[in-house]
Engineer: 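The structure follows.
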Amino acid sequence: MTDIAPELRAAALASKAWPYEEARKLLKRYPDGAPAKGHVLFETGYGPSGLPHIGTFNEVLRTTMVRRAFETLSDIPTRLIAFSDDMDGLRKVPDNVPNKEMLAEHLGKPLTRIPDPFGTHESFAAHNNALLREFLDRFGFDYEFVSSTEHYEGGKFDEALKGVLRHYQGIMDVMLPTLRKERQATYSPVLPVSPKSGVVLQVPIEVLDPDAGMIAFEDEGERIEQSILGGQAKLQWKVDWAMRWVALGVDYEMSGKDLIDSVIQSSKITRVLGGRPPEGFNYEMFLDEKGEKISKSKGNGLSLEQWLTYGPDESLAFYIYREPKKAKALHLGLIPRAVDDYWQFRGNYAAQPIEQKLGNPVHHIHNGPPPAETLPVTFGLLLNLVGVMGEASKEQVWAYLANYVPDATPESYPALDGLIGYALAYARDFVTPTLKKRTPEGVEVEALRRLDTDLAALPADASAEDIQNLVYEIGKTGGFENLRDWFKALYETLLGSEQGPRMGSFIALYGIENSRKLIAEALARA
């Protein structure tokens with residue numbers, strides 16, 4: 001455990017940043033120090049019938065932030081497990097896999113007992129579990145992978161499963177009032193695996209001997225007496241969640257707002273089993289551009305790969321960190337702002353007092369101070385530059401930057417080099433196709449002529465500030481109702497966009513002569 005400076009710990013104890021607020025719940029949970037198991041256990045859950053997605057990243061990242069915050073507050077060791085519910089029966093064939101006809105033959109069977117449609121692993125679950133681990137490893141998460149099947153089959157859940165049978169009626173008393181009448185008639189917390197078909201059965205059961213784990217049920221018209229131990233049964237979802245909390249001693253698990261009812265019922269069942277529900281909170285769901293809830297079946301979501309095509313990991317982490325209990329849109333148009341906001345907060349960090357540092361998102365993204373590198377231009381400015389350049393290469397963009405930023409090279413600014421690649425991709429796919437330069441009109445024409453004349457009188461190495469003052473003065477004296485109209489005219493006539501950068505910075509970056517060519521092209525249309 002890393003030594004924590006007393007002043008850092010004291011500030012963290014008072015911080016209003018949500019990871020510290022969550023971590024303080026765990027301090028209250030164990031006021032006398034470490035629990036009997038010797039550590040605080042964080043859990044994230046994963047259903048391996050699908051592939052890892054942005055929601056997986058979201059949950060593991062936020063849980064990790066709370067874990068790190070707790071480690072700042074306490075010396076109690078921590079663990080994070082990524083739990084794969086791979087004993088679950090396959091309910092439907094996913095759309096994004098090969099060999100669908102083969103999978104359809106195995107519907108209802110545990111995912112670990114279904115062949116891999118990709119043909120690379122011993123089972124469908126093994127394939128997707130491997131992708132999950134690769135996914136989590138890619139982002140450097142510190143976690144332990146736990147397979148539901150291994151725990152069911154290996155006996156690690158045996159005592160907890162016997163507890164489910166011993167408290168069978170108490171669990172039914174929790175669950176039955178939440179079900180429709182027709183579902184009540186067939187509901188069972190325990191789902192035996194058929195010895196005939198291998199399918200996870202949804203049938204009523206009779207508890208025969210809780211201490212031996214024995215039950216009876218009907219399978220294809222035949223009464224079967226069978227143990228629920230050794231992977232011969234699994235539990236219904238909400239009961240399974242509660243049993244897992246008890247068996248593993250889970251102390252913290254967050255989940256989406258759509259699972260609020262599940263958390264409530266699973267918490268009740270945990271108490272019936274003699275355990276204590278974990279701490280945690282329900283985060284809000286992401287929305288699409290239209291404000292509708294993102295749905296995998298609708299296909300209106302944004303994939304992790306899409307975001308990371310146009311913005312770095314940190315920009316997504318920044319967006320995910322902020323306001324987890326507020327519903328937020330999640331679409332590609334958010335990326336430029338998220339990138340620039342991340343870098344703005346990162347630039348502010350070093351000079352902030354410790355209280356503000358602890359509330360700064362970059363503190364939680366980097367688990368402490370961020371790397372020292374600064375960004376000499378904004379991502380938005382890069383997008384404007386590559387937008388007017390059209391088809392461009394990294395080398396061409398660096399050539400412009402060399403005129404604007406002393407010693408600007410990929411070696412001296414490696415993060416900027418990465419951002420140039422993202423800017424070229426984003427501009428190519430989303431900016432350039434939408435650019436439409438309009439014709440200047442009215443007072444705009446004379447103002448642009450004046451701007452051209454004044455720029456011609458400046459030295460080639462004029463500073464961005466000097467250029468900005470010149471642009472500002474023309475706007476004040478050029479007959480515009482307000483300065484906003486002047487800057488809007490510059491964006492629309494020179495850049496082809498409704499919004500744009502600080503013009504002094506853009507002209508200094510693009511070059512005075514190149515900027516005069518843009519003005520000449522605009523005036524030629526008038």
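Starting from 1, each residue takes its place in the sequence as its number.
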Engineer: Mark yes or no for whether R449, through its side chain, and L523, through its backbone, hold a donor-acceptor pair below 3.5 Å.
Structural biologist: no

Engineer: Determine whether the side chains of D86 and Y46 contain a donor N or O and an acceptor N or O closer than 3.5 Å.
Structural biologist: no

Engineer: So, does R24 use its side chain to make a donor-acceptor pair with the main chain of S15 at under 3.5 Å?
Structural biologist: yes

Engineer: What distance do D340 atom CG and L381 atom CG have between them, rounded to the nearest 0.5 Å?
Structural biologist: 9.0 Å

Engineer: Taking R67 for its side chain and T78 for its backbone only, find out whether a donor-acceptor pair lies under 3.5 Å.
Structural biologist: yes

Engineer: Give a yes or no on whether the ring-centroid distance for F379 and Y422 is below 6.0 angstrom.
Structural biologist: no

Engineer: With no hydrogens and no angle check, do the side chains of D407 and S412 hold a donor and an acceptor under 3.5 Å apart?
Structural biologist: no

Engineer: Answer yes or no: are there more than 12 heavy-atom neighbours, outside K328 itself, under 6.0 Å from its atom NZ?
Structural biologist: yes

Engineer: Heavy-atom distance under 4.5 Å between the side chains of Y143 and T64, does that happen here?
Structural biologist: no

Engineer: Taking atom CZ as the centre, does R484 end up with more than 12 heavy-atom neighbours from other residues, nucleotides or ligands that are less than 6.0 angstrom away?
Structural biologist: no

Engineer: Would you confirm whether the ring centroid of F345 sits within less than 6.0 angstrom of the ring centroid of Y349?
Structural biologist: no

Engineer: At what distance, to the nearest 0.5 angstrom, does CG of L401 lie from CG of L382?
Structural biologist: 6.0 Å

Engineer: Has D466 got a side-chain atom pairing as donor or acceptor with A462's backbone, closer than 3.5 angstrom?
Structural biologist: no

Engineer: Identify whether the distance between the nearest side-chain nitrogen and carboxylate oxygen of E498 and R438 falls below 4.0 Å.
Structural biologist: no

Engineer: Between R62 and N58, is there a side-chain donor-acceptor contact under 3.5 Å, judged purely by atom types and distance?
Structural biologist: yes

Engineer: What pairs with Y472 under ring pair (Phe, Tyr, Trp, His ring centres under 6.0 Å), at least two apart in sequence or on another chain?
Structural biologist: none

Engineer: Under 3.5 Å, is there a donor-acceptor pair between the side chain of Y491 and the main chain of P501?
Structural biologist: yes

Engineer: Do N282 side-chain atoms and G256 backbone N/O form a donor-acceptor pair below 3.5 Å?
Structural biologist: yes

Engineer: Distance-only, no hydrogens or angles: does the K437 side chain make a donor-acceptor pair with backbone N or O of A522 under 3.5 Å?
Structural biologist: no

Engineer: Step through the shown structure and confirm whether more than 12 heavy atoms of other residues, nucleotides or ligands are within 6.0 Å of CD on E144.
Structural biologist: yes

Engineer: Ignoring hydrogens and angles, tell me if any N or O in the side chain of Q396 forms a donor-acceptor pair with the backbone of S393 under 3.5 Å.
Structural biologist: yes

Engineer: Would a distance-only check, ignoring hydrogens and angles, find a side-chain to backbone donor-acceptor pair under 3.5 Å from S315 to P312?
Structural biologist: yes

Engineer: Would you say the side-chain atoms of D417 and W398 include a donor-acceptor pair closer than 3.5 Å?
Structural biologist: yes

Engineer: If we only count heavy atoms from C-beta on, is the H364 to W18 side-chain gap below 4.5 Å?
Structural biologist: no

Engineer: Heavy-atom count check: over 12 atoms from other residues, nucleotides or ligands less than 6.0 Å from R29 CZ?
Structural biologist: yes

Engineer: Inspect the contact between D341 and R337 and indicate whether a charged nitrogen and a carboxylate oxygen are less than 4.0 angstrom apart.
Structural biologist: yes

Engineer: Report yes if some heavy atom in the side chain of L385 is under 4.5 Å from a heavy atom in the side chain of Y404; otherwise report no.
Structural biologist: no

Engineer: Looking at K325, K326, K257, which hits side chain to side chain donor-acceptor pair (under 3.5 Å) with E284?
Structural biologist: K257

Engineer: Counting only N and O atoms by type, is there a donor-acceptor contact under 3.5 Å from the side chain of S266 to the main-chain atoms of S262?
Structural biologist: yes

